Structures are given as structure tokens and as C-alpha cells.
Amino acid sequence: MKMRRIFSSITAVSAMVTILAMPGVAAANSYWHQTNTETGVNTYPEHFQSTKTREQLREEAGAAAREGAIRFMGSNYPAPVKSDGAGKSRKQVIEEMTSETPAQRSARQQEMAG
């Protein structure tokens, strides 16, 4: 009876150790590895697995730069918004504003105020 308790205790402890060690083993082939240092992680570039080729990435980066989606040199200004068409002329906007009803004007002003 005593041997059975010892055996079951050893089995339970080994099962818990195995379960607790699994996350560390699962992350062994990832780009980031957890460490007990101040930074908390180490990076291993040789473990990185990409699904795209270098040429595909260059094409995507070039297209994003041409479209203005990538800003270099730490610019804090937002990227320019793509327009769908030619837009309205100044005259058209003024005509719309002068012809709107007071209810439409107050609704527009409330919408602009937030």
C-alpha cells in the first residue's frame, strides 16, 4: 500500500513537470525565446520562417511607398487620403451651403461639432 502511494505521487509529479514544461518546448523553434533576464526575451533570426520571398517583400514595400502609406524620417503627419474622384469645385460647395435649409445647417454644424 505504501509503495502504491509513492508510485502514484511520483507519477503525478512527473505528469505535472511534463505539463509545465510543454509551453517552453513548444516555443523552442519560434523567433522569440523567453529568458529570465531584464529584457525577458531573446531573438533568434535563424528561427524565423517567412512565407514570402525577399523579392515579394521589396515589391510590397515599393508599392506602399509609392502610394504614400509608408512615411520615413519619423513624420508625425498622417498619410495622405486617397480621393475617389475629382471632388467638388469651390463654387459647388458655396452653392450647396447657401441653398441648405436651417434644419440642414444645424444638423451639419452638430455633426461637425461631434
Side-chain angles (χ1 to χ4, degrees):
M1 187 71 164
K2 194 172 188 182
M3 288 298 278
R4 181 181 257 177
R5 275 193 197 169
I6 292 173
F7 181 71
S8 64
S9 297
I10 291 173
T11 305
V13 168
S14 65
M16 289 189 60
V17 168
T18 303
I19 290 172
L20 292 174
M22 280 184 177
V25 173
N29 59 358
S30 66
Y31 180 70
W32 301 83
H33 295 271
Q34 291 183 343
T35 60
N36 291 332
T37 61
E38 189 173 313
T39 58
V41 294
N42 277 345
T43 57
Y44 293 91
E46 61 271 8
H47 292 178
F48 182 74
Q49 297 174 352
S50 178
T51 58
K52 296 182 181 182
T53 65
R54 186 177 300 253
E55 193 58 39
Q56 287 173 328
L57 292 175
R58 282 190 185 139
E59 287 295 322
E60 287 180 12
R66 284 188 298 275
E67 293 173 3
I70 296 178
R71 307 303 297 267
F72 297 104
M73 304 302 288
S75 175
N76 290 332
Y77 294 109
V81 178
K82 295 180 187 176
S83 65
D84 294 335
K88 298 178 183 177
S89 68
R90 181 179 300 227
K91 185 178 178 182
Q92 288 173 327
V93 172
I94 291 172
E95 286 175 2
E96 283 181 10
M97 291 183 79
T98 56
S99 66
E100 68 185 359
T101 64
Q104 291 173 331
R105 181 176 292 123
S106 66
R108 178 180 49 83
Q109 289 174 343
Q110 286 178 352
E111 185 177 314
M112 290 177 68

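Heavy-atom basis, side chains included; hydrogens, waters and symmetry copies ignored. As the structure is a computational prediction, the values presented were derived from the model and not from experiment. Index from 1, following the sequence.
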Problem - side chain to side chain contact (heavy atoms under 4.5 Å, CB included) partners of Glu95, counting only residues at least two apart - result: Lys91
Problem - With sequence neighbours excluded, residues passing side chain to side chain contact (heavy atoms under 4.5 Å, CB included) with Gln92 - result: Lys88, Ser89
Practice task
List, by chain and then residue number, the residues other than Val93 in its hydrophobic cluster (Ile/Leu/Val/Met/Phe/Trp/Tyr, side-chain heavy atoms under 4.5 Å); write none if there are no others.
Solution key: Met97
Fill in the blank from the handout: The side chain to side chain contact (heavy atoms under 4.5 Å, CB included) partners of Ser106 (sequence neighbours excluded) come to none
Completion exercise
Sorted by chain and residue number, the side chain to side chain contact (heavy atoms under 4.5 Å, CB included) partners of Thr37 (sequence neighbours excluded) come out as Thr35, Thr39
May I have the list of side-chain donor-acceptor pairs in residues 54-62 shorter than 3.5 Å, sequence neighbours left out?
| unit_1 | atom_1 | unit_2 | atom_2 | d |
| --- | --- | --- | --- | --- |
| Gln56 | OE1 | Thr53 | N | 2.9 |
| Glu60 | OE1 | Lys52 | NZ | 3.2 |
| Glu60 | OE2 | Lys52 | NZ | 2.8 |

Handout entry: Glu38, CD atom: more than 12 neighbouring heavy atoms under 6.0 Å
Key = no
Handout entry: Inter-residue atom distance Gln104.CD - Ser99.OG, 0.5 Å rounding
Key = 7.5 Å
